[in-house]
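Numbers restart at 1 for each chain; the letters A, B, ... are given by sequence-line order, proteins then strands. Treat the numbers as computed from the prediction; the structure is a model and nothing was measured. The basis for the numbers below is simple: all heavy atoms, side chains too, and nothing from hydrogens, waters or symmetry mates.
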Protein chains: 4
Amino acid sequence: MGQKFVELLANHPWFEVEALAASDRSVGKSYIETTGSKASTLPESLQKLTVVEAKPGAIDDPDIVFSALPTEVAGPIEEDFAKSGLPVFSNASSHRMDQHVPLLNPEVNAEHVALVEEQKKRTRLDGFIVANPNCTTAILTLSLKPLYDAFGLETVVVSSMQAISGAGYPGVASLDILENVIPFIRSEEEKVERETNKILGSISQPAGVTVSASCNRVPTINGHIEAVFAKTKSRATPEDVVKAMSGFVSVPQKLKLPTAPAHPIVVRKEEDRPQTRLDVDEGHGMTVSVGRVRKDAGLGGVKYIVLGHNLVRGGAGCSILNAELMLAQKYIQ
Amino acid sequence: MGQKFVELLANHPWFEVEALAASDRSVGKSYIETTGSKASTLPESLQKLTVVEAKPGAIDDPDIVFSALPTEVAGPIEEDFAKSGLPVFSNASSHRMDQHVPLLNPEVNAEHVALVEEQKKRTRLDGFIVANPNCTTAILTLSLKPLYDAFGLETVVVSSMQAISGAGYPGVASLDILENVIPFIRSEEEKVERETNKILGSISQPAGVTVSASCNRVPTINGHIEAVFAKTKSRATPEDVVKAMSGFVSVPQKLKLPTAPAHPIVVRKEEDRPQTRLDVDEGHGMTVSVGRVRKDAGLGGVKYIVLGHNLVRGGAGCSILNAELMLAQKYIQ
Amino acid sequence: MGQKFVELLANHPWFEVEALAASDRSVGKSYIETTGSKASTLPESLQKLTVVEAKPGAIDDPDIVFSALPTEVAGPIEEDFAKSGLPVFSNASSHRMDQHVPLLNPEVNAEHVALVEEQKKRTRLDGFIVANPNCTTAILTLSLKPLYDAFGLETVVVSSMQAISGAGYPGVASLDILENVIPFIRSEEEKVERETNKILGSISQPAGVTVSASCNRVPTINGHIEAVFAKTKSRATPEDVVKAMSGFVSVPQKLKLPTAPAHPIVVRKEEDRPQTRLDVDEGHGMTVSVGRVRKDAGLGGVKYIVLGHNLVRGGAGCSILNAELMLAQKYIQ
Amino acid sequence: MGQKFVELLANHPWFEVEALAASDRSVGKSYIETTGSKASTLPESLQKLTVVEAKPGAIDDPDIVFSALPTEVAGPIEEDFAKSGLPVFSNASSHRMDQHVPLLNPEVNAEHVALVEEQKKRTRLDGFIVANPNCTTAILTLSLKPLYDAFGLETVVVSSMQAISGAGYPGVASLDILENVIPFIRSEEEKVERETNKILGSISQPAGVTVSASCNRVPTINGHIEAVFAKTKSRATPEDVVKAMSGFVSVPQKLKLPTAPAHPIVVRKEEDRPQTRLDVDEGHGMTVSVGRVRKDAGLGGVKYIVLGHNLVRGGAGCSILNAELMLAQKYIQ
């Protein structure tokens with residue numbers, strides 16, 4: 001995920017990578033040394049950047065911190081940066097459920113940015129933390145948002161088929177996943193169930209949607225694809241759902257944020273799409289692709305397929321969009 | 001599937017392969033010619049068997065017909081064989097939903113064999129057709145049976161991750177499935193929803209369970225793995241479900257049929273099992289492996305994972321077990 | 001391969017797709033119908049183009065014909081188009097070894113274009129056929145060219161690991177290649193051995209290099225990677241070879257042809273590169289990536305790895321570069 | 001590899017697993033805890049065996065030591081066990097090239113066992129170390145042996161396509177190998193070149209064969225497949241080679257050792273075999289499968305494909321066969 005942040009920021013119109021920081025033995029090495037040959041398509045200046053220790057003093061006057069730190073260490077380090085007065089945009093799960101930390105998927109809950117006021121009051125500091133959702137949740141909630149707004153949501157059942165890049169590097173051993181399905185990803189189902197409610201909810205209370213997830217790892221590289229069964233509060237036919245999703249645009253599109261896709265949701269008409277490999281890069285990875293919207297007898301609502309790029313919409317791209325949103329709305333100077 | 005039938009019958013204690021028949025350009029060739037080098041581990045006598053045309057007169061006095069014909073042609077050919085007085089055990093979907101054709105998954109609905117009496121009356125012939133279920137359905141219904149018996153079943157939501165061998169040969173093009181998920185398998189969801197009710201139902205009426213499926217193709221070779229969400233009629237905790245499944249045995253076990261696995265359902269205790277590649281051959285492919293039995297908030301019941309071998313329990317193995325059952329019960333002389 | 005032609009031509013600065021033709025049941029359908037959803041990122045005008053029959057009269061006044069016809073039918077159809085006065089750029093193997101047909105890999109043997117004069121004399125017509133090499137050969141010969149020029153070549157031994165897209169669509173069945181290596185590709189080794197000599201040779205005689213190939217199919221999507229062992233005529237150290245390859249540019253670069261990559265050969269310094277998935281798109285698929293150049297005790301020369309995109313450098317891209325070359329050199333008006 | 005040793009020894013007719021030892025944090029855990037659910041098909045007594053530290057005193061009176069220790073630590077630990085009087089059969093590369101350590105592939109160089117006499121003299125102890133070859137080398141040398149004996153060998157060029165299990169667990173990250181080829185395996189080529197000469201050589205000097213290898217990792221699970229180009233000293237046609245290989249048997253077959261396959265080499269007649277997934281388990285993994293024997297213009301000899309199971313013939317199976325050989329020949333009491 002750290003590599004995806006660097007890749008997306010390398011040519012960003014608003015942000016410039018000034019420093020790379022880590023919490024582990026990468027410190028002191030050049031970025032290219034830590035990634036092996038994988039970063040060799042980046043600008044040379046980035047390749048040669050020396051990785052510093054991830055603590056406030058180590059970086060010379062940064063403006064924004066993006067964090068792809070491992071969850072085990074992210075919590076206190078991110079707090080330190082926030083305490084030092086910096087806005088921290090984090091992909092770690094450590095602070096996602098903190099009451100005053102926005103869990104932000106900008107097309108879904110842009111209004112949650114206001115939580116940082118409360119957060120700053122509490123900490124009496126200028127800095128703050130904003131989290132982006134778990135990858136599976138970011139993709140799911142974006143597809144659910146138009147339904148939630150138009151029809152209300154009672155229950156969501158979701159079974160995911162998640163790519164290996166979701167587990168980081170080295171992550172999943174090839175012996176574990178080649179020609180295999182692993183029907184278990186630690187803590188993932190709990191995250192989907194919990195975070196979906198915070199994101200779809202208002203600034204003051206969760207959405208009250210019953211969510212049940214079954215999360216599976218499959219041998220694909222990028223792209224989480226999810227079979228969704230959803231019961232809305234008011235009746236919605238598949239046609240209603242397609243209509244609500246197809247026209248959907250939100251705050252990032254209206255603000256023309258650089259990372260915002262023109263269409264956050266694309267609804268495919270083909271009977272066999274979206275497919276992971278074919279559609280994962282839709283909207284440069286920021287669009288989720290929906291397909292096969294049809295009646296669901298199980299919950300008495302609709303069922304559909306949604307696919308998104310787990311490292312972009314489900315991670316670094318979402319976090320960068322969060323920063324763009326807060327910059328556009330003057331939360332950051 | 002035809003190859004799996006031959007492989008399983010090659011060393012069967014009760015049955016002997018006398019003839020191989022086909023409906024296509026294989027006719028007239030030796031079996032090894034039609035399969036390429038894949039059949040080269042079979043006894044040489046089988047490899048050299050000349051494929052004849054699939055019609056009653058072409059085979060010299062057979063006792064039983066196993067059919068793995070493609071659905072497009074299976075229907076009338078199987079009827080012809082039945083009319084000629086033969087018991088036909090079919091893997092094709094053509095006759096599965098016929099009122100008087102048993103759709104037989106022997107551990108689940110052995111009592112449905114009685115339907116052939118009605119079928120024979122209707123046709124005034126000695127022959128009959130018995131179908132085995134769709135692969136995904138065979139695996140699913142075996143796992144559901146102990147729940148249906150102990151607690152009753154209201155609703156089942158299932159999302160499958162199915163292996164490529166389920167599509168036959170050449171079947172799925174490698175360009176379509178390598179590093180990909182295809183969230184669509186033609187007619188599969190309808191089959192699962194329809195057949196589950198016939199199988200779990202009584203001889204005279206369907207079970208009345210609401211079933212909703214979302215079927216996906218993933219890059220695995222053998223083994224369909226399914227994320228199941230089930231609402232029982234009377235309350236059942238995960239522990240209740242594990243208990244009901246673990247001890248489950250049925251008619252084939254009691255009759256000690258040669259193809260019946262000692263344990264039709266194995267419940268795994270590890271948090272990350274069953275896995276397709278590791279567990280697909282459990283019970284020589286006749287056992288389904290269940291894992292991750294846990295509470296489901298979505299339907300208000302339980303959710304679990306079930307895995308089975310789509311060509312064995314979900315196909316040829318099930319059909320052979322059907323024949324064994326009917327032979328043991330004197331429906332065949 | 002046909003799809004790759006359309007994709008590369010869709011935004012070409014010099015060429016415009018006026019018509020699509022086929023020899024099979026695609027005729028009469030719109031392009032999008034024949035490809036399924038795979039062509040859906042193309043301009044809509046292309047998607048809707050009706051496929052016509054592949055014969056001269058069926059297309060309204062074309063200027064150039066690109067042929068990705070299957071080898072079984074390509075021969076006579078391509079001749080018909082040439083006879084009708086058109087330049088035909090063919091990816092089929094039918095005419096590759098014809099004496100007066102240039103087998104053109106533009107950075108390697110641009111001077112072979114002169115063969116069309118002879119070809120036209122023979123046929124007394126304005127049209128002509130130009131072939132691009134077999135995919136494995138196009139990649140191999142581009143990497144060999146600087147060695148051939150600088151040191152001469154005696155012997156080349158090559159073992160390839162080829163992607164599934166090389167076999168077209170549906171091509172390789174997933175059951176045949178998932179988690180497998182198939183050490184056989186029909187006629188491939190003969191093509192590599194034969195075509196390499198025609199391409200590296202002069203306009204009047206083959207190069208006289210002894211070539212021996214062992215061709216293997218592996219489970220990758222795009223990109224043929226080859227282990228090459230080469231004995232040069234005059235002594236060349238690995239350093240000499242790296243130097244000769246690194247600076248290599250040729251006619252297409254000098255003419256600044258639109259499809260010509262800035263660097264036809266990139267030599268990687270990392271010990272574990274090139275890798276198929278990471279490097280296949282180098283130079284938009286027109287560059288071959290070389291790595292691991294080292295001494296070879298076997299033939300007494302050097303050994304190295306070369307990777308190229310089989311559908312671009314090894315197919316459609318090469319053919320389009322051929323047309324650009326001949327247009328720039330006024331062989332086409 | 002450790003797991004494969006345990007699996008193969010679990011039902012061995014001569015040997016019984018008394019203790020499992022490790023050099024890392026597995027010490028003190030039960031075997032099943034260290035392997036996760038993967039060992040769950042083993043006898044329960046083995047699953048529950050507590051892993052002890054790998055040092056002589058920690059195991060109660062063993063008779064034989066099998067070592068699958070990582071190379072980094074294997075050297076001194078194996079020496080300690082040998083010093084304590086025990087025969088050590090090692091899969092590590094640490095001692096393979098030691099002058100008095102037999103590098104034993106029993107069908108190829110059974111006579112090398114005599115080296116242990118010299119080894120014992122030198123160490124003045126009853127214990128000794130016997131190494132099995134590198135996986136790729138074990139497979140290669142078994143296929144070369146009949147050629148070496150019948151025609152002599154001058155040069156061997158080999159390009160391997162090796163399975164992920166060769167790198168141990170967790171070994172190759174899935175992000176590195178899914179849909180990819182990595183044309184580099186550290187130290188592998190040197191091992192193949194060096195060990196082949198020791199194995200084919202006499203007890204007192206290496207074979208003097210020029211060997212050049214190019215080693216590649218491909219996305220398969222088990223089975224190394226190799227494209228071999230070989231120049232024999234006296235002329236040998238493909239037919240000669242097939243004949244020499246087909247009838248080949250050696251000391252382990254004559255002694256009827258339990259792990260010896262009936263046919264150490266199987267020559268396939270099909271044009272597209274052997275294939276990794278289809279043929280890897282030939283002879284329970286102890287047989288190598290050869291195919292596509294044909295003339296090679298490159299070296300002026302023959303070329304062929306050979307496949308073997310890297311963990312069985314290329315590892316644990318070979319080591320166990322070594323122990324069987326030495327027990328049968330009374331080197332072990």
Review point. Among D:A173, D:A163, D:A167, which has the most heavy-atom pairs under 4.5 Å with chain A?
Key: D:A173
**Study point:** Options D:I177, D:D176, D:T220, ranked by heavy-atom pairs under 4.5 Å with chain A, top entry
**Key:**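 That would be D:D176.
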Check your understanding: What part of D:L178 is in contact with chain A, defined as an atom under 4.5 angstrom from a non-hydrogen atom: side chain, backbone, both or neither?
Key -> both
Review point. In this structure, are over 12 heavy atoms from other groups packed under 6.0 Å from A:H284 atom NE2?
Key: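 It does not: A:H284 NE2 has 12 such atoms or fewer within range.
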Check your understanding: Could you give the distance from CG (D:L175) to OG (A:S165), rounded to the nearest 0.5 Å?
Key ->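 Here the interatomic distance stands at 6.0 Å.
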**Study point:** Gap separating the CD1 atom of D:I164 from the OG atom of A:S174, nearest 0.5 angstrom
**Key:** 3.5 Å
